[in-house]
K.L.:
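Attaching a single structure in structure tokens format; questions to follow.
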Amino acid sequence: MSFLAIKHLSKSYGTVPILKDINIEIDEGGFLVLVGPSGCGKSTLLNCIAGLEPITSGGIFINGKSVAGLHPSQRDIAMVFQSYALYPNMTVAGNIGFGMEIRGVPKDEREKAIKSVAEMLQIGHLLNRKPSQLSGGQRQRVAMGRALVRNPQVFLFDEPLSNLDAKLRVDMRTEIKRLHHRMKTTIVYVTHDQIEAMTLATKIAVLKDGVLQQFGTPAEIYNSPANMFVADFMGSPAMNLLKVKVEDGPSGLSVSLARPQDEPLVLPVNGAGGSSLAAYKGKEIIFGIRPEALTDPDGADRKAKSLAEGDCLIEVVEPAGSDTFAVTRLGGKEVVARLRADANIAPGQKARLAFNLDKAVFFDPKSQMRV
């Protein structure tokens with residue numbers, strides 16, 4: 001049985017629906033990330049789980065028990081906020097132990113718990129400082145320590161890293177991953193950063209306009225997006241999405257991509273889309289391929305069953321350290337290819353690119369759902 005279950009949850013403010021029939025279940029010790037653009041409802045959903053917002057309909061269950069009508073203090077959860085929400089007049093030790101003091105935990109037990117959590121978060125040397133004397137990363141660790149010391153059933157994180165600079169955000173992401181691996185506590189984590197979602201989650205829920213677009217593992221979300229929104233939102237750079245026509249080719253079904261100053265590039269897709277693609281013969285369809293599935297021939301996946309190559313005019317080259325990104329134009333749209341760092345490529349010249357069609361996905365242009 002799932003440890004945290006959200007069943008047919010809806011939330012409205014007056015007549016305005018914010019969350020619409022949300023269904024999510026995760027096992028104990030899972031790491032659920034709620035991801036989506038600003039205003040999609042992810043923080044509202046987190047607040048509903050926390051009890052900070054009443055739900056309009058549906059249910060929330062923790063360890064088989066309904067918590068929908070319970071006060072936040074009765075849900076056995078702990079929350080880490082984006083703003084840290086530390087008490088400025090208290091020391092780090094005081095902030096971490098304040099909740100235990102309110103609950104009447106004996107002083108020696110409090111001090112033992114504070115020391116243990118501080119060592120875990122590597123802030124033992126900061127216990128006597130005030131929040132104003134700490135960096136952003138240190139304040140975030142204190143906020144996490146205040147939640148950890150309670151040892152709750154579920155941790156809730158509301159965009160905890162968004163106020164940190166890029167490098168510190170990566171470091172803290174690693175710390176949270178390590179912490180979860182060590183404690184094995186159930187976590188629900190809100191972010192608009194899809195890289196955070198992919199690296200931290202055991203399960204991802206992608207939201208848009210209050211509707212759950214897809215729920216699955218990071219690999220499922222990335223490799224088999226349910227619709228064009230998920231395909232475009234998850235991944236950096238985003239998936240290339242091109243309108244093409246399915247036709248009969250020399251060895252089965254194919255799609256053709258217009259190229260500047262050249263004949264159209266014909267790609268065999270008989271095995272890529274399966275039998276469902278046959279229903280679109282003679283019709284337009286959206287062809288999706290991620291940048292890493294479009295690369296220089298020497299860097300292509302040798303295990304791929306269906307590789308196709310073609311010459312493409314390179315418009316822009318973007319070195320990125322471990323990779324080189326190249327922008328070309330196919331089907332009337334800009335297309336991003338991800339090449340090896342040492343790929344011999346230059347703007348204004350043609351380069352041979354390899355398409356890993358095992359990784360291709362197709363979407364219905366009207367419904368925008370994957371076929």
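No hydrogens, no waters, no symmetry mates; every other heavy atom, side chains included, goes into these values. Please read all numbers here as calculations on a predicted model, not as lab measurements. Numbering starts at 1 and runs along the sequence shown.
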K.L.:
For residues Ser306 and Asp358, is any side-chain donor paired with an opposing acceptor at under 3.5 Å?
P.N.:
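No, no side-chain donor-acceptor contact under 3.5 Å.
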K.L.:
Shortest non-hydrogen contact from Gln82 to Ser162?
P.N.:
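Shortest heavy-atom separation between Gln82 and Ser162 comes out as NE2-OG, 2.9 Å.
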K.L.:
Do Arg129 and Thr91 have side-chain heavy atoms sitting under 4.5 Å apart?
P.N.:
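No; the side chains remain at least 4.5 Å from each other.
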K.L.:
Would you please say whether a donor-acceptor pair under 3.5 Å links the side chains of Asn227 and Gln213?
P.N.:
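On atom types as modelled, these side chains qualify, holding a pair under 3.5 Å.
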K.L.:
So, does Ser2 use its side chain to make a donor-acceptor pair with the main chain of Ala5 at under 3.5 Å?
P.N.:
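Here the side-chain-to-backbone pair does not exist.
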K.L.:
Find out whether Leu267 and Leu265 are in side-chain contact, i.e. whether some heavy atom of one side chain is under 4.5 Å from a heavy atom of the other.
P.N.:
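The answer is yes; the side chains approach within 4.5 Å.
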K.L.:
Going through the distances and angles, do Asp298 and Arg340 end up as a side chain to side chain contact (heavy atoms under 4.5 Å, CB included)?
P.N.:
CA-CA 9 Å; Asp298 289 341; Arg340 294 169 303 146; 3.7 Å; yes
K.L.:
Check whether any side-chain N or O of Lys42 sits under 3.5 Å from a backbone N or O of Gly36 as a donor-acceptor pair, and report yes or no.
P.N.:
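Judged by distance alone, yes, a pair lies under 3.5 Å.
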K.L.:
Are the side chains of Lys130 and Pro88 in touch, meaning some heavy atoms are under 4.5 Å apart?
P.N.:
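They are not in contact (no side-chain heavy atoms under 4.5 Å apart), so the answer is no.
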K.L.:
Check for a donor-acceptor pair, side chain of Asp27 on one end and backbone N or O of Gly30 on the other, with a separation under 3.5 Å.
P.N.:
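No; judged by distance alone, with no hydrogens or angles, the pair does not exist.
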K.L.:
Are the side chains of Phe325 and Val336 in touch, meaning some heavy atoms are under 4.5 Å apart?
P.N.:
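Phe325 reaches Val336 side chain to side chain.
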K.L.:
Does atom NE2 of His125 have more than 12 heavy-atom neighbours, drawn from other residues, nucleotides or ligands, at distances under 6.0 Å?
P.N.:
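Yes.
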K.L.:
Under a 4.5 Å cut-off applied to non-hydrogen side-chain atoms, are Gln133 and Leu126 in contact?
P.N.:
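SC-SC contact between Gln133 and Leu126 ruled out.
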K.L.:
Check whether any side-chain N or O of Thr324 sits under 3.5 Å from a backbone N or O of Pro319 as a donor-acceptor pair, and report yes or no.
P.N.:
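Not confirmed, Thr324 side chain does not pair with Pro319 backbone.
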K.L.:
Taking Pro225's backbone N and O only, do any of them form a donor-acceptor pair with Arg370's side chain (distance below 3.5 Å, no angle check)?
P.N.:
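Yes, the answer is positive, given that a donor and an acceptor are paired below the 3.5 Å cut-off.
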K.L.:
Before giving the answer on side chain to side chain contact (heavy atoms under 4.5 Å, CB included), spell out for Arg259 and Asp311 the whole-Å C-alpha distance, their side-chain angles and the decisive distance to 0.1 Å.
P.N.:
CA-CA 9 Å; Arg259 291 181 289 183; Asp311 292 326; 4.3 Å; yes
K.L.:
Crowded around Glu263 CD? As in, over 12 foreign heavy atoms under 6.0 Å?
P.N.:
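Check fails, neighbour count at 12 or below.
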K.L.:
Is a side-chain N or O of Glu111 found less than 3.5 angstrom from the main chain of Asp108, in a donor-acceptor match?
P.N.:
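Such a contact is absent between Glu111 side chain and Asp108 backbone.
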K.L.:
Mark yes when over 12 heavy atoms from residues, nucleotides or ligands other than Lys281 sit less than 6.0 Å from its NZ; otherwise mark no.
P.N.:
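No, because the 6.0 Å sphere around NZ of Lys281 holds 12 heavy atoms or fewer from other groups.
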K.L.:
Examine distances only and state if a side-chain atom of Ser10 and a backbone atom of Thr56 form a donor-acceptor pair shorter than 3.5 Å.
P.N.:
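No, the answer is negative, given that no donor and acceptor are paired below the 3.5 Å cut-off.
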K.L.:
If you count the non-hydrogen atoms of other residues, nucleotides and ligands that lie under 6.0 Å from CG in Asn223, is the total more than 12?
P.N.:
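Check passes, neighbour count above 12.
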K.L.:
Determine whether a donor-acceptor pair (N or O, by modelled atom type, separation under 3.5 Å) exists between the side chain of Asn95 and the backbone of Tyr87.
P.N.:
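Yes, Asn95 side chain to Tyr87 backbone: donor-acceptor pair under 3.5 Å.
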K.L.:
Which atom pair, heavy atoms only, marks the closest approach of Leu339 to Asp296?
P.N.:
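Looking at all heavy atoms of both residues, the closest pair is CD2-N, 3.3 Å.
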K.L.:
Can you measure from CG (Leu121) to CG (Leu179) and round to the nearest 0.5 angstrom?
P.N.:
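Answer for the CG-CG pair, Leu121 versus Leu179, is 6.0 Å.
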K.L.:
Answer yes or no: are there more than 12 heavy-atom neighbours, outside Lys177 itself, under 6.0 Å from its atom NZ?
P.N.:
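Counting other residues, nucleotides and ligands, NZ of Lys177 exceeds 12 neighbours.
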K.L.:
If you compare all heavy atoms of Thr328 against all heavy atoms of Cys312, which two are closest, and at what distance to 0.1 Å?
P.N.:
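Result for this residue pair: OG1-CB, 3.5 Å.
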K.L.:
Any ring-ring contact (aromatic ring centres under 6.0 Å, His included) involving residues 277-299? Give me the pairs, sequence neighbours left out, ordered by first then second residue.
P.N.:
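Passing the test, one end in residues 277-299: Phe287-Phe362.
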K.L.:
With sequence neighbours left out, what residues match Val266 under side-chain contact (heavy atoms from CB on, under 4.5 Å)?
P.N.:
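Ser254, Ser256.
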K.L.:
Check side chain to side chain donor-acceptor pair (under 3.5 Å) between His192 and all other residues, then give those that pass, not counting sequence neighbours.
P.N.:
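Partners of His192 under the side chain to side chain donor-acceptor pair (under 3.5 Å) test: Glu159.
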K.L.:
Once side-chain contact (heavy atoms from CB on, under 4.5 Å) is applied, do any residues pair with Glu309, and if so which ones, sequence neighbours excluded?
P.N.:
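Listed in chain order: Pro297, Arg352, Ala354.
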K.L.:
Using a strict threshold of under 4.0 Å (side-chain N to carboxylate O), is an ion pair present between Asp165 and Arg169?
P.N.:
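Here Arg169 does not pair with Asp165 in a salt bridge, since their nearest N and O are not under 4.0 Å apart.
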K.L.:
When you measure from the side chain of Lys333 to the backbone N and O of Leu330, does any donor-acceptor pair fall under 3.5 Å?
P.N.:
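It does not hold such a pair.
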K.L.:
Are the side chains of Ile22 and Ile24 in touch, meaning some heavy atoms are under 4.5 Å apart?
P.N.:
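In short, these two side chains touch, coming nearer than 4.5 Å.
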K.L.:
Going through the checks in order, is the side chain to side chain contact (heavy atoms under 4.5 Å, CB included) test met by Arg338 and Asp323?
P.N.:
CA-CA 7 Å; Arg338 189 174 193 164; Asp323 301 296; 3.0 Å; yes
K.L.:
Tell me whether Glu247 contacts the main-chain N or O of Gly282 through its side chain, where contact means a donor paired with an acceptor under 3.5 Å.
P.N.:
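Flag not set: sc Glu247 to bb Gly282 has no pair under 3.5 Å.
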K.L.:
If the condition is salt bridge (charged side-chain N to carboxylate O under 4.0 Å, His left out), which residues does Glu109 pass it with, not counting sequence neighbours?
P.N.:
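Residues passing salt bridge (charged side-chain N to carboxylate O under 4.0 Å, His left out) with Glu109: none at all.
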K.L.:
Are the side chains of Arg139 and Leu86 in touch, meaning some heavy atoms are under 4.5 Å apart?
P.N.:
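Counting from C-beta outward, Arg139 and Leu86 do come under 4.5 Å.
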K.L.:
For the NZ atom on Lys245, are there more than 12 heavy atoms of other groups (residues, nucleotides or ligands in this structure) within a distance under 6.0 Å?
P.N.:
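It does not: Lys245 NZ has 12 such atoms or fewer within range.
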K.L.:
Please determine whether side chain to side chain contact (heavy atoms under 4.5 Å, CB included) holds for the pair Met239 and Ile289, giving the CA-CA distance in whole Å, both sets of side-chain angles, and the decisive distance to 0.1 Å.
P.N.:
CA-CA 6 Å; Met239 178 181 281; Ile289 189 164; 5.7 Å; no
K.L.:
Strictly below 4.0 Å, N to O, side chains only: are Arg173 and Glu196 in salt-bridge contact?
P.N.:
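Judged by the 4.0 Å cut-off on N to carboxylate O distance, Arg173 and Glu196 do not form a salt bridge.
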K.L.:
What distance separates Phe61 CZ from Lys7 NZ, expressed to the nearest 0.5 Å?
P.N.:
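One finds 5.5 Å between CZ of Phe61 and NZ of Lys7.
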K.L.:
If a pair satisfies ring-ring contact (aromatic ring centres under 6.0 Å, His included) and one of its residues is in residues 211-232, list it, with sequence neighbours excluded.
P.N.:
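Every ring-ring contact (aromatic ring centres under 6.0 Å, His included) pair that includes a residue of residues 211-232, provided the two are not neighbours, is Phe229-Phe233.
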K.L.:
If we only count heavy atoms from C-beta on, is the Tyr84 to Arg146 side-chain gap below 4.5 Å?
P.N.:
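Tyr84 does not reach Arg146 side chain to side chain.
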